[in-house]
Enquirer: 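I am attaching a structure below and will ask some questions about it afterwards.
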There are 2 protein chains.
Amino acid sequence: MSAAARERFAAMSAKLKASGLKSTPQRLAVMKLLAESKGHPSVDDIRARLQKKFPGISQATVYRTIQLAKSLGEAYEIAFAGSGSRYDGRKPHPHPHIVCLACGRIIDPELRSLGEMTREIAAASGFAITTFRLDFFGLCPACRNNKNGSRKT
Amino acid sequence: MSAAARERFAAMSAKLKASGLKSTPQRLAVMKLLAESKGHPSVDDIRARLQKKFPGISQATVYRTIQLAKSLGEAYEIAFAGSGSRYDGRKPHPHPHIVCLACGRIIDPELRSLGEMTREIAAASGFAITTFRLDFFGLCPACRNNKNGSRKT
DNA sequence: CTAAGTGCAAATGATTTGCAGGTAT
DNA sequence: ATACCTGCAAATCATTTGCACTTAG
């Protein structure tokens, strides 16, 4: 567990405690995974990885905990049509993504000029812009060559 | 029906005929609506507007026809998590949107610099980028004032 | 102790699909 | 004629929710 992950997990558990809600083992485990997963895991990725430690853990609990983390401002959901959402507990704010159409990998690109673009859009449309969604889709370097699809979450 | 809409409808019906599939009244009606609707209608918007002319029209037919139009390259789907998709038959290619969180209105902003941004992303990540999704969310000029929500599709 | 959380299974909402009868070509 | 369509209802898939039991504080 990297220093950054440890810090994220500390922030999450602190918010959880501060909220007055209960710090159950399941909640802490889900949040830890969110804090340390670089690969934008799905609900089922999380449930699967928690099986060893919590044999009976239910999807419902994972869903509920993720929603809780979102409502605490500690997780970010990337929803896709036609497939389950993916979650990010490392950067819990809107940011652009690049999604590999072959293996499902999702990475976070650097991108300046987005704030500028948002201001331009707001000025031209008259909307009060509060958030955005920006995804690029394509083939990652690995999938451009081999036809594999080792799903790295 | 504007000149642009007429042209889009002509393109759609031509593609349909060329595909060898049948030009049924339902299909032509759905495609006409797609061709002329500026407001990015939902499946149910379309079904509702077709009720008068086709009293028994089913959601299934609307869904199937939209998928057909998409596969012909003549309609573009904007999918949202937690609510139904919206469709665009006027510009059947990826383009940015601005979505009003209060009334659901969706408009198409002008935006240069997107191609440039895509190239930048591709170069930095090594991905072969094939498409993108860009939405801004906020309050439209009307909803910034009144709390109404006249859903203009 | 007791409000809150968990697992399970049933409910939901959008979309898809199987099937039996209808229609464009 | 006949392969393709349609409407209907049942099936899917991701996610949410009701409920009876369990547990953190």
Side-chain angles (χ1 to χ4, degrees), chain A residues 12-34 40-48 50-72 75-87 104 153, chain B residues 12-31 33-34 40-48 50-72 75-87 104 151 153:
Chain A
M12 286 185 187
S13 32
K15 278 259 187 78
L16 177 56
K17 182 166 300 181
S19 76
L21 298 170
K22 292 180 180 173
S23 297
T24 65
Q26 291 94 327
R27 278 182 179 167
L28 293 172
V30 170
M31 288 186 179
K32 181 128 84 94
L33 268 187
L34 286 172
H40 309 82
S42 68
V43 164
D44 215 62
D45 290 333
I46 293 174
R47 191 199 44 65
L50 260 35
Q51 280 296 307
K52 13 191 162 181
K53 194 148 195 184
F54 300 90
I57 196 168
S58 66
Q59 302 244 66
T61 293
V62 176
Y63 273 109
R64 283 187 280 230
T65 303
I66 290 174
Q67 294 308 333
L68 174 56
K70 278 207 305 175
S71 73
L72 296 173
Y76 176 65
E77 176 172 10
I78 322 166
F80 296 100
S83 72
S85 287
R86 306 276 293 269
Y87 301 90
T153 137
Chain B
M12 288 185 186
S13 31
K15 277 258 186 80
L16 177 56
K17 182 166 302 182
S19 76
L21 298 169
K22 291 180 180 170
S23 299
T24 65
Q26 291 94 327
R27 279 182 177 166
L28 293 172
V30 170
M31 289 186 178
L33 268 186
L34 286 172
H40 309 81
S42 67
V43 163
D44 215 61
D45 289 334
I46 293 174
R47 192 200 42 67
L50 259 36
Q51 280 297 304
K52 11 191 162 177
K53 193 147 194 186
F54 300 89
I57 196 167
S58 67
Q59 302 245 66
T61 294
V62 177
Y63 273 109
R64 283 187 279 229
T65 303
I66 290 174
Q67 295 307 332
L68 174 57
K70 279 207 304 174
S71 73
L72 295 173
Y76 176 65
E77 175 171 10
I78 322 168
F80 297 100
S83 72
S85 287
R86 306 275 293 267
Y87 301 90
R151 180 91 145 46
T153 138

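In this text the structure is predicted, and so the values were computed from the model without any measurement. Every heavy atom of this structure was used, including side-chain atoms; hydrogens, water molecules and symmetry mates were not. Quick note on labels: first sequence line is chain A, next is B, and so on, each numbered from 1.
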Enquirer: Working to the nearest 0.5 Å, report the span between NZ of Lys32(A) and NZ of Lys53(A).
Expert: 6.0 Å
Enquirer: Between the main-chain N or O of His40(B) and the side-chain N or O of Arg86(B), is there a donor-acceptor pair closer than 3.5 Å?
Expert: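 Side chain of Arg86(B) to backbone of His40(B): a pair is present.
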Enquirer: Quick one: is Thr24(A) getting a side-chain N or O under 4.0 Å of the dT23(D) phosphate, OP1 or OP2?
Expert: no
Enquirer: Find the distance Arg27(B):CZ to dG7(D):P and express it as a whole number of Å.
Expert: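 From Arg27(B) CZ to dG7(D) P: 11 Å.
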Enquirer: At under 4.0 Å, does any side-chain N or O of Ser85(B) touch on OP1 or OP2 of dT15(C)?
Expert: yes
Enquirer: My understanding is that only residues two or more places apart in sequence, or in another chain, count here; which of them pass side-chain hydrogen bond (donor to acceptor under 3.5 Å, both in side chains) with Lys70(A)?
Expert: Gln67(A), Glu77(A)
Enquirer: Taking the side chain of Gln67(B) as its heavy atoms from C-beta onward, which of dT16(C), dT16(D), dC5(D) lies nearest to it?
Expert: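 Among the listed nucleotides, the one closest to the side chain of Gln67(B) is dT16(C).
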Enquirer: Taking only the side-chain heavy atoms of Pro25(B) (C-beta and beyond), determine which of dA24(C), dT15(D), dC5(D) contains the nearest atom.
Expert: dA24(C)
Enquirer: Kindly express the pairing pattern of DNA chain C in dot-bracket notation, using | wherever a base pairs with another strand and counting only Watson-Crick or G-U pairs under 3.5 Å.
Expert: |||||||||||||||||||||||||
Enquirer: Strictly below 4.0 Å, heavy-atom distances to any atom of DNA chain C: list the hits from residues 57-65 of chain B, or just say none.
Expert: Ala60(B), Tyr63(B), Arg64(B)
Enquirer: Closest approach to the side chain of Gln26(B), judged atom by atom: which nucleotide of dT6(D), dT25(C), dG25(D) is it?
Expert: dT6(D)
Enquirer: With rounding to the nearest 0.5 Å, note down the distance linking CD1 in Ile66(B) to CD1 in Ile46(B).
Expert: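 Between atom CD1 of Ile66(B) and atom CD1 of Ile46(B) there are 4.0 Å.
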